[in-house]
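Side-chain atoms are counted along with the backbone in the values below, which use heavy atoms only and exclude waters and symmetry mates. Letters A, B, ... are given to chains in the order of the sequence lines, protein chains preceding strands, and every chain is numbered from 1.
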2 protein chains.
Amino acid sequence: MPLSEHTESVQDYLKSIFDIQREHGRVATTMLAERLGNSPASVTGMIKKLAALNLVEYEPYQGAVLTPAGEKIALEVIRHHRLIERYLAEALGVPWDQVHAEAEKWEHVLSEDLEDRIDAVLGYPTTDPHGAPIPGRDGTLPPPHTTRLCDLQSGQSATVAEVSDHDPAMLRYFAELGLRPGADVTVVAVAPFGGPLTVRLDNAEHAVGREVAGYVAVCNVTSGG
Amino acid sequence: MPLSEHTESVQDYLKSIFDIQREHGRVATTMLAERLGNSPASVTGMIKKLAALNLVEYEPYQGAVLTPAGEKIALEVIRHHRLIERYLAEALGVPWDQVHAEAEKWEHVLSEDLEDRIDAVLGYPTTDPHGAPIPGRDGTLPPPHTTRLCDLQSGQSATVAEVSDHDPAMLRYFAELGLRPGADVTVVAVAPFGGPLTVRLDNAEHAVGREVAGYVAVCNVTSGG
DNA sequence: GGGCGGTTTTAGGAATACCTAAATATACCA
DNA sequence: TGGTATATTTAGGTATTCCTAAAACCGCCC
Ligand SMILES: [Mn+2]
Ligand SMILES: [Mn+2]
Ligand SMILES: [Mn+2]
Ligand SMILES: [Mn+2]
């Protein structure tokens with residue numbers, strides 16, 4: 001059963017449910033409604049439909065969880081999305097703050113054959129331009145990163161692993177700072193009372209808000225040096 | 001007003017109306033219904049909607065004709081379609097009997113920005129892989145070819161200009177024969193009573209049915225030699 | 001343990017784009 | 001010029017996916 005067995009709407013719901021579930025466990029109606037920009041009432045209706053299709057398990061008032069079948073489709077859509085983002089950035093030079101919007105549309109009409117061709121042309125990449133992992137053809141996906149830039153303490157260094165890709169303006173800001181996946185970052189100072197972090201990137205120092213730093217995942221954390 | 005102002009359905013209707021209008025003038029309900037695979041009743045309904053949007057002129061029982069606004073959108077969709085076909089064939093190696101189906105889906109979600117990037121990467125091509133002209137950004141399109149392979153007489157040579165792209169099996173047949181845009185073809189013999197043509201391509205001779213030869217447009221016709 | 005606020009579902013409806021069956025207009029032919 | 005076959009439209013319906021407003025539920029706090 002290829003993706004095209006399901007409507008674009010169903011694909012988008014499953015994708016969002018997957019994302020929320022990763023972060024929060026069971027998916028509440030309102031949270032899903034906010035993410036999708038639909039009314040809670042509409043979301044209830046669609047969740048019931050997904051449950052009837054055996055794509056989610058649903059208990060009224062208790063939220064929804066993906067079934068294995070639903071998760072498989074979600075991962076397939078996410079694979080399309082991230083492969084396309086990577087392709088647009090690499091092969092067509094689309095700026096990284098624009099690839100998301102383009103992929104959002106294309107992901108639903110990509111054939112499996114074209115998916116494979118794109119994968120091959122790119123040399124079977126494992127991450128999208130924002131550092132997010134691309135699910136394998138078999139639906140495998142590494143666990144999410146656990147450490148964020150805002151979790152680091154003064155003096156610690158790390159490698160940028162992934163940045164949030166939903167706000168184009170924030171992505172342009174990240175690009176300005178040099179805050180891209182693979183970049184080395186050092187936390188020079190952490191202001192108290194939830195204040196900004198001072199970080200060093202490419203030998204330049206920048207003050208960044210605590211909240212923004214929460215949208216950056218890091219790995220390879222080392223202390224001092 | 002970008003393409004996305006109109007539904008995919010509207011885009012497909014306008015494209016088909018444009019195609020039919022080129023060949024037959026005023027577009028009859030039934031012919032459009034056949035092309036789209038919809039019932040005539042549905043087509044009547046949509047034509048009335050298009051007329052309300054000022055995209056076609058419509059006289060009940062007399063068929064429809066595109067307005068300038070409708071034609072502009074049709075040409076825009078066709079430009080997307082043919083650029084995408086070309087891109088898929090050239091950049092991703094999609095076989096020429098498969099590009100049509102893929103482009104049919106992608107054409108509706110292509111942004112103007114990505115359209116420009118693809119155009120540039122391809123070096124501003126003027127035809128798709130089947131020889132059909134790609135409308136310019138400004139909506140210009142050369143007049144259709146007037147001579148078909150089946151119109152040639154014994155002894156005449158010509159250059160293949162364009163082949164029909166709607167039947168993948170026929171495209172594979174054309175590829176086998178070497179009947180691709182730009183190829184030189186000579187008509188060696190024409191059987192009487194609507195019989196087959198014998199044609200020479202790449203120094204090999206083939207008998208092809210009169211009907212199939214009607215799906216091949218030619219140019220640069222020369223007699224004898 | 002009752003009440004209250006926020007969450008969620010139900011009820012009722014709108015828009016889009018299809019369909020089949022029946023009615024009607026057109027065009028052609030005798 | 002009437003009659004009929006064909007093309008087209010109208011009438012009535014279905015499926016999808018969204019909406020707002022109102023009702024129902026859940027959990028927390030006093
Ligand atoms: Mn896929
Ligand atoms: Mn991304
Ligand atoms: Mn365009
Ligand atoms: Mn083509």
TODO: Could you please name the option among D:dC19, C:dA21, C:dA17 that lies closest to any side-chain atom of B:Ala41?
DONE: C:dA21
Open item on the list: Rounded to whole Å, please give me the gap between CD in A:Glu34 and C1' in C:dT8.
Closed with: 14 Å
- [ ] Examine D:dT6: is either OP1 or OP2 under 4.0 Å from a nitrogen or oxygen in the side chain of B:Thr30? Give yes or no.
- [x] no
Task: Residue-phosphate contact under 4.0 Å: B:Tyr13 side-chain N/O, C:dC18 OP1/OP2 - done: yes
Task: Whole-Å gap separating P (C:dT10) and CE (A:Met46) - done: 16 Å
- [ ] Compare the minimum distances between each of C:dT20, C:dA17, C:dT9 and the side chain of A:Pro40, then state the nucleotide with the smallest one.
- [x] C:dT9
Task: Whole-Å distance separating the NZ atom of B:Lys48 from the P atom of D:dT9 - done: 8 Å
Open item on the list: Here's a test of your reading of the structure: between A:Tyr61 and A:Ser39, which maps to the more 5' nucleotide of DNA chain D?
Closed with: A:Ser39
- [ ] Measure centre to centre between the rings of A:His100 and A:His130, then say whether the value is under 6.0 Å.
- [x] no
Open item on the list: Please confirm whether the shortest side-chain N or O distance from B:Lys49 to OP1 or OP2 of C:dA17 is below 4.0 Å.
Closed with: yes
Open item on the list: Rounded to whole Å, please give me the gap between NE2 in B:His6 and P in C:dA15.
Closed with: 18 Å
Task: Spacing of A:Ile47 atom CD1 relative to C:dT9 atom C1', expressed in whole Å - done: 11 Å
TODO: Return the nearest nucleotide to the side chain of A:Thr44; candidates are D:dC18, C:dT10, C:dC18.
DONE: C:dT10
- [ ] Just say parallel, tilted or perpendicular for the rings of B:Tyr87 and A:Tyr87, cut-offs at 30° and 60°.
- [x] perpendicular
Open item on the list: Please report the distance, rounded to the nearest Å, between CZ in A:Arg26 and P in D:dG27.
Closed with: 12 Å
Task: Side-chain donor/acceptor of A:Arg86 to backbone N/O of A:Thr127, under 3.5 Å - done: yes
Open item on the list: Has B:Gln11 got a side-chain atom pairing as donor or acceptor with B:His6's backbone, closer than 3.5 angstrom?
Closed with: yes
- [ ] Quick one: label A:Gly37 by what it contacts on the DNA or RNA (base, sugar-phosphate, nothing), any heavy atom closer than 4.0 Å.
- [x] sugar-phosphate
Open item on the list: With a cut-off of less than 4.0 Å, is there a side-chain N or O of A:Thr29 near OP1 or OP2 of C:dT7?
Closed with: no
TODO: Just compare C:dC18, D:dT17, C:dA17 and give me whichever is closest to any side-chain atom of B:Ser42.
DONE: C:dC18
Task: Selection from C:dT8, D:dC18, D:dT9 that lies nearest to any side-chain heavy atom of B:Pro60 - done: D:dT9
Open item on the list: Is the phosphate of C:dT16 approached by B:Ser9 (side-chain N or O, under 4.0 Å from OP1 or OP2)?
Closed with: no
TODO: Report yes if a side-chain nitrogen or oxygen of B:Thr7 is closer than 4.0 Å to either non-bridging phosphate oxygen (OP1 or OP2) of C:dA17; otherwise report no.
DONE: yes
TODO: Measure from the side-chain N and O atoms of A:Glu115 to the backbone N and O of A:His80, and report whether any donor-acceptor pair falls under 3.5 Å.
DONE: no
Open item on the list: Could you check whether any side-chain N or O of B:Arg82 sits under 3.5 Å from a backbone N or O of B:Pro133, counting only pairs where one atom can act as donor and the other as acceptor?
Closed with: yes
TODO: To the nearest Å, give me how far apart CG (A:Leu50) and P (C:dT9) are.
DONE: 13 Å
Task: Atom-pair distance (CG on B:Asp12; P on C:dT16), nearest Å - done: 17 Å
